[in-house]
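As the structure is a computational prediction, the values presented were derived from the model and not from experiment. Only heavy atoms go into these numbers, but all of them, side chains included; no hydrogens, no water, no symmetry mates.
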Amino acid sequence: MYTVKEYLARELVASLADFDGVPQDFVPEFEKPKNPEHGDLATNAAMQLARYLRRAPRSIAGALAEHLLARPLDPARIASVEVAGSGFINFRFSTEYLIGELRELLKAGEAFGRSTTGHGKRALVEYVSANPTGPLTVGHGRNAVLGDTVANLLAWNGYDVTREYYFNDAGRQMRVLGESVRARYQAVVDPETPRKRIESGDVSVEVPASFPEDGYLGAYITDIAERLHSRAKGAPDLSGDVAPFKEAAEQAIFADIERTLTRLGIHMDTYFNERSLYENDTVWKTLEQLRDKGHCYDRDGAVWFRTTAFGKEQDTVLVKSSGEPTYRLPDIAYHAGKCDRGFDRIVDILGADHIATYPDVLHGLRALGYDADRVEVIVHQFVTLVRGGAPVKMSTRRATYVTLDDLMDEVGEDVTRFFFLMRSPNAHLEFDLDLAKEASEKNPVFYLQYAHARICSILRKAEEVGFHGAAGADLSLLGHAAEITLMKALLRLPEVLEYAAAMCEPHQVANYLREVAVSFTQFYGHCRIIGEEYDLAAARMQLAHAARIVLANGLHVLGISRPERM
RNA sequence: GCGCCCGUAGCUCAACCGGACAGAGCGGCGGACUUCUAAUCCGCAGGUUGCAGGUUCGAGUCCUGCCGGGCGUGCCA
């Protein structure tokens, strides 16, 4: 479709040579009209030019259309040109053109929809980035799936993509985690250990007396303690340092996290530990650079970042009076490092709870002289699980959460991925568990997969009854309205994937695939394959095959399986 | 108070970075299986895009001000 758009843009600009007053840098815009009656491609050039030419848009459109028709336009591509509405020029593709493109689609096969937009460019997508303090939750799930799919989209558009997980196992959170495990461990060693109760919100949990007040209450802590105790040798000493408990917990939890991600088909390329920024002094070097450039000052024993210079209400502490940095400083150092690593696109996937932190990081980058515009921050809103019409409350520390694994156990991996992807990241996501599993017949995921499976079934059956070698079919036999509609839908895949990658919006793909499935199902309803005369059946088999390719490639990008039977 | 996100059909959400008559699914109502997969399809009903202004040939989309919801707003991460 891009080729024809470029072709029309050239023709349009050439036609404008006869008009006085057209700006030198005028670039006509094209878009696909919402209403199919308005053709396949439309331009609002006449409206845009009205103020320069001092003529009514409709009159410009009429003159432009005449010029275009007089060139003349290539009938192998454009079937009609019409002026409509308040000055739109609508173009309709010729069937010949569509069939030619369909042929290209079939030739490209599994590669259809890939682009070279990102060739020679490197992209870094950072996502998940949960500290190993507990199992991944549903909230992490949305982040993980979103990031992974954005990475897929970039890869499909030719980018060399690195998927990165950033974490910190050195902070207070992890120390509390270690203390939580140690307390549970003590109770395993000595069942007579004194107990106390911790009240948190509406839950009340019995814990060993040594359990930290803000400790992690989840059952997995006890599991880790028990496993630690059952180890024949090397069981840690209670009187010693908390480190062995922390390390054991981290190891166990990280293994769980990776297992969960694997279930979702997610594999990270790099794990970046915040600690490394301390080990090579990067954090302190970054601070010195900020200081040298005059963005820092000392007050009350702390080091402050002059964020008010960037329009914020208050300055921000980078190093506490205790000498310990806040998380902002390593975050800035980490992102400066990302810029230094030479990526063309740097994408961060963040939950809404980090909404206040990333502006400081971007300000930090600017202060250091980096081009902060290279960093694209995708902030996604929260997920609410709904069961029986009521929201499910969640909190990691209180252990009242639903884990990502629980969710997948309940509704399946494919549904999990799709539900996280079908909404705009900006939209608060309501995940209706009842609908996700029980309504399998109305579920959009199954709808797409069913269309795919159905095509596979038809193609299998057709082979059985003797339709072989359809590859040489005469596609020009295709001309039914349902066939044309389907072709047009199929051919949009590349532009949808490119747009979705540019905007980091996977839901565009999900919505598009639904349209494709609808178009296919309508084609299926109107046009038979088996039973038709051989040549027509062969041509339709090819069209069905093309639909399978588009659905398969689209689902592949979304990370959802493509069943051949259901 | 301040910052970001959201407010669109009964419900959950789209709407291609300003375009034509605002679209889907679910739910509701009514139809369609001796036919390639009925996990399906067809039809009907359902809207002052939270409110009020402004910019524009043209606004759900941009600007201003209200109203309502979410997340933040710490020498926690």
Side-chain angles (χ1 to χ4, degrees), chain A residues 29 31-35 37-38 42 44 46-48 50-51 56-58 84-88 90 131 133 168 171-174 214 274 299-304 311-314 316-322 324-328 331 351-359 379-382 384 386 389 422-432 435 439-444 446-447 449-451 453-462 464-465 492 495-496 499-500 502-503 505 507-508 510-512 514-515 518 521-522 524-532 537 540-541 544 565-566:
Chain A
E29 291 171 17
E31 62 166 26
K32 174 181 145 10
K34 282 182 203 158
N35 186 340
E37 285 173 24
H38 294 143
N44 60 356
M47 281 103 113
Q48 304 260 310
R51 48 190 288 229
R58 181 94 197 183
S86 47
F88 290 98
N90 296 335
N131 282 345
T133 58
N168 167 27
R172 205 187 65 89
Q173 278 185 10
M174 295 301 291
D214 53 353
E274 180 187 332
R299 192 179 75 202
D300 304 332
V303 184
W304 296 72
K312 279 198 63 167
E313 211 181 347
Q314 290 175 358
T316 308
V317 172
L318 291 181
V319 183
K320 299 181 245 176
S321 50
S322 65
E324 222 183 339
T326 64
Y327 63 92
R328 286 168 219 264
D331 271 2
D353 51 341
H354 286 76
I355 217 152
T357 80
Y358 80 87
V379 177
H380 68 265
Q381 300 299 309
F382 277 4
T384 311
V386 176
M422 63 196 244
R423 303 299 183 210
S424 153
N426 281 337
H428 188 101
L429 178 64
E430 190 157 304
F431 198 125
D432 189 330
L435 189 134
S440 58
E441 48 178 85
K442 302 131 191 163
N443 197 309
F446 290 120
Y447 185 79
Q449 294 181 320
Y450 184 70
R454 181 183 251 172
I455 297 171
C456 292
S457 168
I458 294 169
L459 295 178
R460 271 195 308 270
K461 197 110 176 193
E464 283 169 22
V465 294
R492 281 180 53 222
E495 85 180 60
V496 170
Y499 181 77
M503 305 295 287
E505 290 186 347
H507 73 281
Q508 302 281 352
N511 291 341
Y512 162 74
R514 168 146 201 112
E515 277 176 47
V518 167
T521 312
Q522 284 169 350
Y524 170 82
H526 286 105
C527 305
R528 288 195 57 82
I529 296 176
I530 297 163
E532 290 290 344
R540 285 180 175 167
M541 271 178 76
R565 297 168 200 275
M566 285 178 80

Return yes if the base of [N] and the side-chain atoms of [X] contain a donor-acceptor N/O pair under 3.5 Å, otherwise no.
X: Tyr327(A); N: rA77(B); value: yes
X: Ser321(A); N: rC75(B); value: yes
X: Tyr450(A); N: rU37(B); value: yes
X: Asn35(A); N: rA22(B); value: no

Which pairs, protein N/O on one side and nucleotides 10-12 of chain B N/O on the other, fall under 3.5 Å?
residue, atom, partner, partner atom, Å
rU12(B), O2', Arg423(A), NH2, 3.3

[atom1] gap between [N] and [M], integer Å:
N: rA22(B); M: rG50(B); atom1: P; value: 15 Å
N: rC11(B); M: rC57(B); atom1: C1'; value: 38 Å
N: rU8(B); M: rA15(B); atom1: P; value: 14 Å
N: rC21(B); M: rC17(B); atom1: C1'; value: 23 Å
N: rU40(B); M: rC4(B); atom1: C1'; value: 43 Å
N: rA9(B); M: rU73(B); atom1: C1'; value: 36 Å

Quiz item: Does Lys34(A) put a side-chain nitrogen or oxygen below 4.0 Å from OP1 or OP2 of rA20(B)?
Solution: yes

Quiz item: So, Phe88(A) and rA20(B): ring centres less than 5.5 Å apart, planes less than 30° off, yes or no?
Solution: yes

Candidate nucleotides [options], ranked by approach to the side chain of [X] - the nearest:
X: Asn44(A); options: rA77(B), rA39(B), rG19(B); answer: rG19(B)
X: Thr326(A); options: rA77(B), rC41(B), rA15(B); answer: rA77(B)
X: Gln381(A); options: rU37(B), rG72(B), rG70(B); answer: rG70(B)
X: Ile355(A); options: rA77(B), rC36(B), rC71(B); answer: rC71(B)
X: Gln522(A); options: rU37(B), rC42(B), rC16(B); answer: rC42(B)
X: Met503(A); options: rG72(B), rC16(B), rC17(B); answer: rC17(B)
X: Asn511(A); options: rA14(B), rC71(B), rU37(B); answer: rA14(B)
X: Val317(A); options: rC75(B), rG19(B), rU40(B); answer: rC75(B)
X: Asp300(A); options: rU37(B), rC75(B), rC36(B); answer: rC75(B)

Quiz item: How close do Gln381(A) and Ile355(A) get, heavy atom to heavy atom, and via which atoms?
Solution: NE2-CD1, 4.5 Å

Quiz item: Which atom names give the shortest non-hydrogen contact between Leu459(A) and Ala544(A), and what distance separates them?
Solution: CD2-CB, 4.5 Å

Quiz item: Which stems does RNA chain B form, counting runs of 3 or more consecutive Watson-Crick or G-U wobble pairs with both distances under 3.5 Å?
Solution: B:1-7 with B:67-73, B:10-13 with B:23-26, B:28-32 with B:40-44, B:50-54 with B:62-66

Quiz item: Is it true that Glu532(A) and Arg528(A) have a side-chain N and a carboxylate O under 4.0 angstrom from each other?
Solution: no

Quiz item: Crowded around Arg51(A) CZ? As in, over 12 foreign heavy atoms under 6.0 Å?
Solution: no

Practice problem: Could you tell me whether Arg454(A) sits above the aromatic face of Tyr524(A), with NZ or CZ closer than 6.0 angstrom to the six-membered ring centre and within 45 degrees of the axis? | Solution: yes

